[in-house]
Chemist: 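Have a look at this one.
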Amino acid sequence: MAQTFSNTDDDFDGLEEFNTLQYKYLVFRLGSEEYALAARHVSEIVGMQYITIVPNLDRHIRGVINLRGKVIPVVDSRLRFGLEEREYDERTCIVLAQEEEYGMTGLIVDAVVEVADIHEEQISPPPKTIKGTRSRYILGMAKHVDKVRMILDLRSILGDEHIIQFQSIEESVTA
Amino acid sequence: MSSKLSSQLAQIEEMQELVNDFIHESLANLERTEQLVESLGTDDIWLIEQNIRVLFRTFHSIKGVAGFLQLAVLQALTHEAETLLDGIRKRPVRQSEEVLQTIYRAFDGIRVIIRAVEQHQTDVSTREMADELIAHIQQFIVPDERIDLDGNVVPQHTPPASAAKPDTPKDPPPATPPAQLTTSEIEQIHQKAYLLLDELHHLAEREKLHAQNPALLEKFLEDGRECVERVNGLISELQEESRLPADAPAMTLAQSALVFSDMMAAGDLALNDVTLLTLQSQVESFVEALKEDIAPHADSATAPVIEPSVLLDPLPDSLLDVQTTPQNVMLDDQAKTFDGGATYTDRSEIRVETAKLDRLFDLMSELVTLQTMTLNNPDLHNLNLPNFQKSAAMLAKNIRQLQGVTMSMRMTPIEILFAKMKRVTREVATHVGKRVELTMSGADTEMDKNVIELMFDPLVHIIRNAIDHGIESPAERERLGKPATGVIHLGAMYEGNEILITVRDDGAGLNRKKILQRAVQRGLVAQNGESLTDEEVWKCIFEPGFSTAEAVTDVSGRGVGMDVVKQNIAKMRGSVQVRSREGKGATVTLRIPLTLASMDVILVRVGRAHYAIPVGAVRQSFRPSTDDITTTMDGLEVVRVRETLYTIVRLHEIFQHPAGNTAITSGILVIVETNGRKVCLFVDEIVGQQQTVIKPLAKYIGDVRGLNGCMILSDGTIGLILDVEELIRIAEEPAEMLA
């Protein structure tokens, strides 16, 4: 199992700190873009594993996995964001995110990049062009070297019924 | 300032805790004792005497705490109920229907008030209801008894205790004391002694609570004196009734307790924990000595036997039966609590929050899953590990035992549920003017507590229906040569992993013609369904809104009932079946899984997916041959098994995932049935049968049509549990719905 990191992993010191410090973000990659998710949501990252398909669900909900006896739904972030489907590889992993209303949910991402500090002054509001309906999935944009990382609002991502077209967001951001 | 505030907050919190405890305790007590009310309507004096004490105590302790919590309405109502019960305690004879009804209403009323307290922290909103109920109760209180009682319990209208004595036939005037006390008199003395200790106990408890709070303390001191006075009164009554010579040890002890309590009541002695403890120990030794002094006349002080000398006893021989009934054992157990004096809790039990039990259950099921995953770990494959296997076997055995114990913690006898049905039966029967007797068997059958709670509504509906529609009126029954009193039998028994609950009546049975007529009217069956089997006709009564009653009564006829039964039972993964013989009666059989936490399933594989079918739904499985299969013009596949045709349901089509194989002849067909409807499921193979713990699909996913939940398989992957009823419904829908 390609365990990239885990909150319980020995390699990762200062678990407490990780969870409590507000400016910690988990950065992951989908295609060429990087996204950041507040670390307080993230409880664990596990490698790809067998996913039981649950029939008749939205396409982006891949199914359920068994995490130490708990049944956890898994969402394919690519499909959720309207990106094109891609074969899972050894870098693909499942970010287990905890959300108040929906409980624990797994997000399949292309790869985990790092755990980064993002301070408030680094965060700028989403550009005007993507304000409106879609901006609610993005809490802000964080500059990082020559890139921009999109800080995600987990709740709206899980809760909204529409497929989010992140393609257009990226376009508008890079434009 | 802030420390003062925080101490106030702490007090409020403490108070809140006290109120919560009171609410739970009281509701539990009411629940436990309500079933005893029924026995007051029997001719069994011994039973009445035993049970009335328990009932009296229930009300008495609620009243005590209500007074302390300043719940005036609750206090007033329990006081009135207590007065009524005390009357019965004094004259333990068969009680009329109305009295029973009244006691039940008191139970209901108290519950309503307690619920109100739970919600609003006060009982004022229920005052009107309570006043009405109190007025109702008062009709049944004989004035004599009222005075008599109040001498002991309520000092407000206290005439001197001895004044009331000549009125009660059981207590001959003390002027002509016989040499010996009758056993029932001794019993009465014991009871008073118990009351005495009870009062003291209350007092001590309250002292403990109040000592910290000046405002409460003041109130307590006020009440406390009154209470001590009451104790004082009880002591002198006991002294008098025991008719012991003045130099008996008990008398000396009584004298010193009297002096002491006099001083406390008068304020010469402070009212605090020290004085209270002293008084308590004095009273305790007095009661002990008293018991000893009067005991020689009876065989045993704790197991009273009523002597024929009890003047009122109209049926002395009924005693013989009582001594041998199993109920007796239970009552004896309950009675034990009383003899010890101020014992409050039954020490053989502790109360646990159900949430904790549920958590334990979850952990237990996770443990079982992890165990399977560990022991069947692929890494161990093909290894020869004799020592490991030995340890593994021991571990497995222990876990199984642990699982058994965990399961059993939620199991309780169905008895309380059945006992509640007695009340329902009597009320409904009285209401519709019929005579019905409820008999029961298998009341000791144990079931998951959660299931028992869910069973209440369905059972009430079924019994109502049986009385209203099944049992004939007494006149009609006599005309038919049946006994005037109809019999409804309530039975419970185990059958495999299920429990069978049957409600059988000896009434008229279901009226096929009427049901058919109504079914046709409502469009449930095609014009004149004469060709339908009885079984198919009976199914109509479970349709929503179905009723054949000509007039809507309070009892039934609104057409809500049997469909609710069916829904509730289905929720528990159970089934309902009706059988009927015209003129002989009807039987409703409920089949309920023993516990909702686990179930037996047949595991099947379709492509890569594993599905679990509840064992109860599986009828037959077989490998079909090409000849048996027919495809209709609209693409529907049917298979013929002997003379019956079944629709084939391809699971991978309904659930839209890749199939393993599509040729029916190379797979397996499984016939499943629920509520009498059958279809044939097409699967790749049958993997096996196992007991499993049901887990809901994640909240994020919600309900999925055709699935009931999921389970963790031994290899750690997840299997989906099929909702057979829904699958059949899907199969019966027009084909385009599936696309």
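Values in this document were obtained by computation on a predicted structure and should not be read as measured data. Atoms considered below: every heavy atom in the structure, side chains included; atoms not considered: hydrogens, waters and symmetry mates. In what follows, every chain begins at residue 1, and chains take the letters A, B, ... in the order their sequences are listed.
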Chemist: Please identify which of these residues, A:T92, A:D89, A:L83, A:L30, meets the side-chain contact (heavy atoms from CB on, under 4.5 Å) condition with A:D110.
Modeler: A:L30

Chemist: Determine the sole option in B:I613, B:I654, B:V679 for which the side-chain contact (heavy atoms from CB on, under 4.5 Å) test with B:L727 is passed.
Modeler: B:I654

Chemist: Between A:I72, A:I53, A:V64, which has the largest tally of heavy atom pairs under 4.5 Å with chain B?
Modeler: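 Counting heavy-atom pairs under 4.5 Å, the top option is A:V64.
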
Chemist: Is it the backbone or the side chain of A:I65 that comes under 4.5 Å from a heavy atom of chain B, or both, or neither?
Modeler: backbone

Chemist: I need the residue from B:I701, B:L367, B:L720, B:L713 with the largest number of non-hydrogen atom pairs under 4.5 Å to chain A.
Modeler: B:I701

Chemist: Which bit of B:I718 comes within less than 4.5 Å of chain A, counting heavy atoms only: side chain, backbone, both or neither?
Modeler: both

Chemist: For B:L385, check side-chain contact (heavy atoms from CB on, under 4.5 Å) against everything at least two apart and list the hits.
Modeler: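 By the side-chain contact (heavy atoms from CB on, under 4.5 Å) rule, B:L385 matches B:L380, B:L383, B:F388.
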
Chemist: Check each atom of B:L707 against the heavy atoms of chain A and say whether the ones under 4.5 Å are side chain, backbone, both or neither.
Modeler: side chain

Chemist: Just list the donor-acceptor pairs under 3.5 angstrom between chain A and chain B, please.
Modeler:
from, atom 1, to, atom 2, distance (Å)
A:Y50, OH, B:R608, O, 3.3
A:T52, OG1, B:I718, N, 3.3
A:T52, OG1, B:I718, O, 3.2
A:N66, ND2, B:G716, O, 2.7
A:G69, O, B:K695, NZ, 2.9
A:E101, O, B:K699, NZ, 3.2
A:L158, O, B:Y700, OH, 2.8

Chemist: My understanding is that only residues two or more places apart in sequence, or in another chain, count here; which of them pass side-chain contact (heavy atoms from CB on, under 4.5 Å) with A:A111?
Modeler: A:R29, A:R91

Chemist: Look at atom NZ of A:K147 and say whether more than 12 heavy atoms of other residues, nucleotides or ligands are closer to it than 6.0 Å.
Modeler: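 Buried by this count: over 12 neighbours within 6.0 Å.
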
Chemist: At what distance, to the nearest 0.5 angstrom, does CZ of A:F81 lie from CE of A:M150?
Modeler: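 Taking CZ in A:F81 and CE in A:M150, the distance rounds to 8.5 Å.
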
Chemist: Between side-chain atoms of residues 115-124 of chain A and protein atoms elsewhere (two or more places apart, or another chain), which donor-acceptor pairs fall under 3.5 Å?
Modeler:
from, atom 1, to, atom 2, distance (Å)
A:D117, OD1, A:K24, NZ, 2.9
A:Q122, OE1, A:H119, N, 2.8
A:S124, OG, A:M141, O, 3.4

Chemist: Yes or no on side-chain contact (heavy atoms from CB on, under 4.5 Å) for A:V54 and B:V704, after CA distance, side-chain angles and deciding distance?
Modeler: CA-CA 8 Å; A:V54 178; B:V704 177; 3.8 Å; yes

